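Positions are given from 1, in the same order as the sequence printed here. Bear in mind the structure is a predicted one, so any value in this text is a computation, not a measurement. Atom set for the values below is all heavy atoms of this structure, side chains included, hydrogens, waters and symmetry mates excluded.
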Amino acid sequence: MKNKLIFRILGALASALIIVSVFIPFVSVSGYTQSLWDAYKVSEALYLPIMIIVFGGVGVLFFSINIKTEFAYSTSGALLFYTITETVSFVNQDMLDSLGIGYDCFVIGTILTPTIAGWGNL
């Protein structure tokens with residue numbers, strides 16, 4: 001019982017890390033940093049950061065109330081797809097070193113959320 005509570009808390013924190021990653025510097029080029037929120041606010045296409053926040057919120061919500069943690073798998077799958085496509089894009093442009101702490105938090109949260117959900121179901 002106590003272990004399940006720990007996994008629920010860790011899962012909610014990993015999902016919250018995804019939400020936080022939208023607002024902290026995602027890319028840093030020549031001393032100029034930009035978060036995902038700022039990057040998409042300029043192009044008036046805020047749907048992507050909002051969907052990332054919603055997917056992270058789904059994980060926080062379902063881990064908090066302890067129902068249907070399988071939704072954490074599906075939302076993390078979508079976020080993992082986005083992570084892979086963005087990483088490949090940065091590798092192709094040879095700009096992998098320009099990724100900031102927001103990217104790191106996003107990747108860690110995306111990988112930890114389904115992993116913790118899987119451990120909690122053991």
Undergrad: To check you understand the geometry: which heavy-atom pair defines the closest contact between Phe26 and Ser21, and what is its length?
TA: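 The pair with the smallest heavy-atom distance is CD1-O, 4.5 Å.
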Undergrad: Using a side-chain heavy atom cutoff under 4.5 Å and only I, L, V, M, F, W and Y, what cluster partners does Tyr32 have?
TA: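 None, because no other hydrophobic side chain comes under 4.5 Å of this residue.
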Undergrad: Once rounded to the nearest 0.5 Å, what's the spacing between atom CE of Met51 and atom CG of Leu48?
TA: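 Interatomic distance, Met51 CE to Leu48 CG, rounded to 0.5 Å: 9.0 Å.
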Undergrad: With side chain to side chain donor-acceptor pair (under 3.5 Å) as the rule and sequence neighbours excluded, what pairs involving residues 95-112 come up?
TA: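 Found Thr87-Tyr103.
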Undergrad: Taking side-chain contact (heavy atoms from CB on, under 4.5 Å) as the definition, give me every residue that meets it alongside Ile53, ordered by chain and number, with sequence neighbours left out.
TA: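 Ile53 satisfies side-chain contact (heavy atoms from CB on, under 4.5 Å) with Ile19, Val22, Phe23, Trp37 only.
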Undergrad: With sequence neighbours excluded, tell me which residues meet ring pair (Phe, Tyr, Trp, His ring centres under 6.0 Å) with Phe90.
TA: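 Applying ring pair (Phe, Tyr, Trp, His ring centres under 6.0 Å) to Phe90 gives none.
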Undergrad: Any non-hydrogen side-chain atom of Ile24 less than 4.5 Å from a side-chain atom of Cys105?
TA: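 In contact.
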Undergrad: Please enumerate all residues that pass side-chain contact (heavy atoms from CB on, under 4.5 Å) together with Thr85, with sequence neighbours excluded.
TA: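 side-chain contact (heavy atoms from CB on, under 4.5 Å) check on Thr85 returns Phe81, Tyr82.
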Undergrad: Should we say atom CG of Asp94 is surrounded by more than 12 heavy atoms from elsewhere, each under 6.0 Å from it?
TA: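 Open: at most 12 neighbouring heavy atoms sit under 6.0 Å from CG of Asp94.
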Undergrad: Would a hydrophobic clustering, with Ile, Leu, Val, Met, Phe, Trp and Tyr connected at side-chain separations under 4.5 Å, put Ile108 with Ile101?
TA: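 In one cluster: no.
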Undergrad: Are Tyr40 and Val54 linked, directly or through other ILVMFWY residues, by side chains that come within less than 4.5 angstrom of each other?
TA: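 Same cluster.
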Undergrad: According to side-chain hydrogen bond (donor to acceptor under 3.5 Å, both in side chains), who are the partners of Thr83, at least two apart in sequence or on a separate chain?
TA: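 Partners of Thr83 by the side-chain hydrogen bond (donor to acceptor under 3.5 Å, both in side chains) criterion come out as none, since no residue qualifies.
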Undergrad: How close do Gly109 and Leu17 get, counting heavy atoms only, and between which atoms?
TA: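 What the structure gives for the nearest pair is N-CD2, 3.9 Å.
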Undergrad: Who pairs with Ser15 by side-chain contact (heavy atoms from CB on, under 4.5 Å), at least two apart in sequence or on another chain?
TA: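 Once residues adjacent in sequence are excluded, the partners of Ser15 under the side-chain contact (heavy atoms from CB on, under 4.5 Å) criterion are Val60, Phe63, Thr113.
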Undergrad: Hey, any chance Val27 and Val88 share a hydrophobic cluster, counting ILVMFWY side chains that come within less than 4.5 Å of each other, even indirectly?
TA: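 No, Val27 does not connect to Val88 through the hydrophobic network.
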Undergrad: About how many Å separate CZ of Phe62 and CZ of Arg8, when rounded to the nearest 0.5 Å?
TA: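 So the CZ of Arg8 and the CZ of Phe62 are separated by 13.0 Å.
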Undergrad: Same cluster or not: Phe106 versus Leu96, using hydrophobic residues (I, L, V, M, F, W, Y) connected whenever any side-chain heavy atoms lie under 4.5 Å apart?
TA: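 Yes, same cluster.
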Undergrad: Out of curiosity, does Val91 fall in the hydrophobic cluster containing Leu80 (side-chain heavy atoms, cut-off under 4.5 Å, transitive links)?
TA: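 Unlinked, Leu80 and Val91 end up in two clusters.
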Undergrad: Supply the atom-to-atom distance Leu36 CG to Ile50 CD1, rounded to the nearest 0.5 angstrom.
TA: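 So the gap between those two atoms works out to 12.5 Å.
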